[in-house]
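I have placed the structure first, in the form of C-alpha cells, so that the comments after it can refer back to it.
Position 1 is the first residue of the sequence; numbering continues from there. What you see is a predicted model, and the numbers here were worked out from it, not measured in a lab.
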Amino acid sequence: MEGDQKRGKLFCHQKMKIRRRKVGGKIIENDLFKQDWRSRTKNEILQYVFFKWTLVLIIGLGTGFVAFFNNLAVENIAGFKLLFTNSLMLKDKYFQAFAAYAGCNMVLAIAAAGLCAYISPAAAGSGIPEVKAYLNGIDAHSILAPSTLFVKIFGSIFGVAAGYVVGKEGPMVHTGACIASLLGQGGSRKYGLTWKWLRYFKNDLDRRDLITCGAAAGVAAAFRAPVGGVLFALEEVASWWRSALLWRTFFTTAVVAVVLRTFIVFCRGGQCGLFGEGGLIMFDVNSVNPSYRIADLLAVIVLGMIGGIFGSLYNYLVDKVLRTYSIINERGPVFKVLLAIIISLLTSCCSYGLPWLSKCIPCPASSGDQCPTVGRYGNFKSFQCPPNHYNDLASLFMTTNDDAIRNLFSSGFDKEFQLSTLIVFFAAIYCLGIITYGIAVPSGLFIPVILAGASYGRLIGTLLGSLSDLDVGFFALLGAASFLGGTMRMTVSLCVILLELTNGLLMLPLVMLVLLISKTVADCFNKGVYDQIVEMKGFPFLEAHAEPYMRNLIASDVVSGPLVTFSGVEKVANILYALKTTKHNGFPVIDEPPFSDAPQLCGLVLRSHLLVLLKGKKFTKQRMAIGSNVLRTFNAQDFDKAGSGKGVKLEDLDIKEEELEMYVDLHPIVNTSPYAVVETMSLAKAAVLFRQLGLRHMLVTPRMPGRPPVVGILTRHDFMSEHVLGLYPQFQPKK
C-alpha cells in the first residue's frame, strides 16, 4: 500500500455531487463512483448492511470451527505420540522410547517447516505483527492469502504437536484475519472461490473492519475469552477504531463463544481429548484462597519487577535470534527445514533427557488425583519411577503445553514440584522459547511466555511457603501475568484474557497490579515484542504519536522529487512511461488550458485505476474530454480493490505503437477531494493527521500564489524516522 512520491493539494474546478467511498482511509470522489451511488437502490443499501453482519457471523463461525479442529488435532496427534512413548517406557525400552518420541517430533516438525518453506513463507511465526501492520495500512506480500491460511492451520497443528515450545494462540489470530480477508475480498479467483455478493466489500475500509473482527475472533477462539478478544483488537492490533467496529467485534467474539460452547458440550464424553475441560474456563484457579495481606502485596510487587526484567531480556534475545535466523532462512527452503529439524532434536533431548535429572517423589496421600498418572494427562507422571512415585519434571515436559500450564496452576499441594524442578523447567522453557521463535513454523509467543512466567511464579510461591497466604497456583498465575506484561506490554486486554482463562475474578486487583508494574519496568529497557518484530521486518509502521524532533520541521522539509503529474487529458505514452519508471501509487492530475483558464488541481489518480483504464483502451486521437464514454464502458466494480496479487499489472497491458500517441481522459477516475495540507504545517501535526485519517497520500500545497499548485506528496515513508533523520541527521537522539 506504500511506495509513493511527493506532490500537493487538490481541488477540482468542477462542482459535482459525490459518491463517497473509503479506500485506505481516504474518500474517493469521482464521476464513476458518483454514477454507481446514484444507481444504488434502497434495497441494495440494505443488502450491504445485511451482508456485512452476515460476514462477521461467518467469520465467527469459521474461526470457532478452526479453533476446535486445531485443538482436536493437536490433542490426538500429541496424545498418540505420548501414549506410544509411555508404553515403551513401561516396558523399560528407554532408548526406543526416546527414538520414537524424537522421531515423531521430527516428522511433525518437517511437515510444519516444509509447508512454511515451500508453500507459504508468510505463515511462519506468530502472524500478530503482520496483522497489526496490515491494520496500520501496510499491505505486505501474501500475509493474508488463502495459501497462508491453509499453512497457518495445518502448520500450527504440526508445530504444536511436535513438542516445540510454541503456542497456537498467535497463529489463531492470524488465521481469523485470513478468514476475514478471504471473505472481504470476495473469495479467491486463483482457487475458483468467488462470490459476487461480496463485491460490496472490495475496499480498504470494509476489509480492514472485517480483519479486525477476525483478529478478535482468533483471540476469543484461542483463549475462550470473547471479551478479551475485543479488548486485544482494540489495544494491540487496530490502529483505527469506531463504535460500530466495537459492536461488530463483540458480536463476532460472541459467535465464537457460542460455537466453542457447542463443541464443548459435544466433547463432554471425553472423545475430544482435553478440549472443553472446565467448560469455557481453560485453567480454573477459582478454588484458590482469595485472601491476602500487605506482605503479599510486597511479594506481588517484586514478582512484577522480575517479570518486567525477564520480559525485556526475553524481547532483546528474541530480536537477536530473529536477526540471526533471517540470515540462515535467506539461504533457501532447505536451510529453513534443517533449522527446524535441529531445534526439534534439541527440544526432544531437553523434554526427554532433563526429567532423568529429577529424583522420584512419593505420591501425596492427600491428593485427590490418581498418582502416578495413567495415560497421557495428569500432574503425576511416573516416567522411570517405581510404583507410588512420580517424576515432577516429567509432569511438565512429557505432556502438551496446555497440560503443563494446568499442572503449574494447580493448587492444594504446595510440594508437588521441587524447587530444583521449577528452576530447571524455567531455564529450559525460557531458552527454548527464545530459540524456537523464528524458525519456519507457525508459532505463538503466548504459551511459552505463560509457561516460563508460571514456573518462576510458582517458584517464588514455593520459596515463600507459609510466609504468604496466597496459594502457589495463584503465584503461578501472577508470574504468568508479570511475564506477559513484560513481553507483550499490554495491560487491559491481558488482564481480561487471564481472568477469562482462569476464572480468577477475585484476584483482579493483584493481576492488575502485577501487569502495571511489569509493563512499567520493561518499558524502561525496550519495546514490546510485537513492536520489535514489526520494526525488524521493516514495516513502515505509523505510531499514534509523532516523534519530538518533528516539531522542528515542516511538511515541505521532507517531500522529495521529481514530482510526476498528469494533465486531465493525458497522452498514453506519458502515463505508460511514468508507470514504468516510478513505483508511485498516486499521481496528481492538473487541468491546464484549454480545460481551465490556468493550471489548477483536479484531483489524485491511483496507479491501480490507471492500469484498469489503460487496459480498457478508451483512447482518442485528439486531446478531448470523453468522460461520458468512459462512464458507459466501465462500472465501479472494475476499479474495486483487487484481492492479493489479482489486480491488473503493468505486464498485462498490450498497448500498440500507434496507441502511444493517443490521449485518455482521466477525469472520470480522479479523486476530486484528496486530503491536503499547506507546506508550512508542522511535520508532527501532519504525521498525527495522516495516521488518524488512515491516509495513503497527503498532498502538500504552496503557501503563496503564483507557484505550481502541487508542492509534493507525503506518504507514510516520509514520516519514518529513517527517512527524516537521513535528511536531518542533526536531530539524531544522543546516545
Side-chain angles (χ1 to χ4, degrees), residues 16-65 135 144 146 149 176-217 233 238 240-256 258-259 608-609 612 631-644 646-647 668-669 671 694:
M16 58 173 63
K17 295 181 182 179
I18 63 172
R19 150 68 166 131
R20 298 196 169 193
R21 185 184 184 95
K22 296 267 188 175
V23 176
K26 299 191 297 181
I27 297 176
I28 295 294
E29 300 178 353
N30 59 32
D31 289 342
L32 198 64
F33 290 121
K34 178 183 69 171
Q35 176 180 270
D36 178 58
W37 177 252
R38 285 175 172 173
S39 66
R40 294 267 177 105
T41 64
K42 185 176 180 181
N43 286 337
E44 287 179 316
I45 295 172
L46 291 175
Q47 278 181 355
Y48 167 81
V49 177
F50 173 77
F51 285 150
K52 193 161 189 178
W53 282 102
T54 303
L55 271 185
V56 296
L57 172 65
I58 296 173
I59 291 168
L61 292 172
T63 307
F65 176 77
L135 294 177
L144 299 173
L149 172 62
C178 287
I179 293 172
S181 177
L182 180 65
L183 293 170
Q185 69 185 31
S188 173
R189 282 184 290 180
K190 180 179 179 181
Y191 300 102
L193 300 171
T194 55
W195 305 282
K196 290 185 178 180
W197 62 274
L198 294 175
R199 68 184 185 277
Y200 296 118
F201 309 107
K202 289 191 174 183
N203 60 78
D204 279 335
L205 177 69
D206 285 328
R207 196 175 299 180
R208 194 167 61 212
D209 285 356
L210 293 173
I211 289 170
T212 304
C213 292
W240 300 284
W241 197 262
R242 311 186 318 280
S243 57
L245 184 56
L246 176 67
W247 175 220
R248 287 192 180 94
T249 54
F250 186 75
F251 174 73
T252 309
T253 57
V255 171
V256 171
V258 171
V259 172
S608 59
H609 290 184
V612 174
L631 293 176
R632 284 193 294 269
T633 304
F634 296 96
N635 58 57
Q637 283 72 43
D638 295 327
F639 295 88
D640 279 338
K641 179 179 173 68
S644 53
K646 305 302 185 298
I669 64 169
N671 175 15

Where do [X] and [Y] come nearest, in terms of heavy atoms and distance?
{"X": "Leu55", "Y": "Leu210", "result": "CD1-CD1, 3.6 Å"}
{"X": "Arg242", "Y": "Leu205", "result": "NH1-CD1, 4.1 Å"}
{"X": "Ser181", "Y": "Arg207", "result": "OG-CD, 4.4 Å"}
{"X": "Val256", "Y": "Ala217", "result": "CG2-CB, 3.7 Å"}
{"X": "Gly214", "Y": "Ile59", "result": "CA-CG2, 3.8 Å"}

What pairs of residues pass the salt bridge (charged side-chain N to carboxylate O under 4.0 Å, His left out) test when at least one of them lies in residues 55-64, not counting sequence neighbours?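 Sorted result for residues 55-64: empty, none.
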
Which value, rounded to the nearest 0.5 Å, describes the distance between [X] atom [atom1] and [Y] atom [atom2]?
{"X": "Asp209", "Y": "Leu135", "atom1": "CG", "atom2": "CG", "value": "9.5 Å"}
{"X": "Phe51", "Y": "Asp206", "atom1": "CZ", "atom2": "CG", "value": "13.5 Å"}
{"X": "Thr252", "Y": "Ile58", "atom1": "OG1", "atom2": "CD1", "value": "11.0 Å"}
{"X": "Cys213", "Y": "Leu246", "atom1": "SG", "atom2": "CG", "value": "10.0 Å"}

| Which residues pass the side-chain contact (heavy atoms from CB on, under 4.5 Å) test with Phe250, sequence neighbours left out? |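 Phe250 satisfies side-chain contact (heavy atoms from CB on, under 4.5 Å) with Val230, Trp247 once adjacent residues are dropped.
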
**Partner set under side-chain contact (heavy atoms from CB on, under 4.5 Å) for Ala233, not counting sequence neighbours** =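 With neighbours one apart ignored, the set is Thr212, Ala216, Val237, Trp241.
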
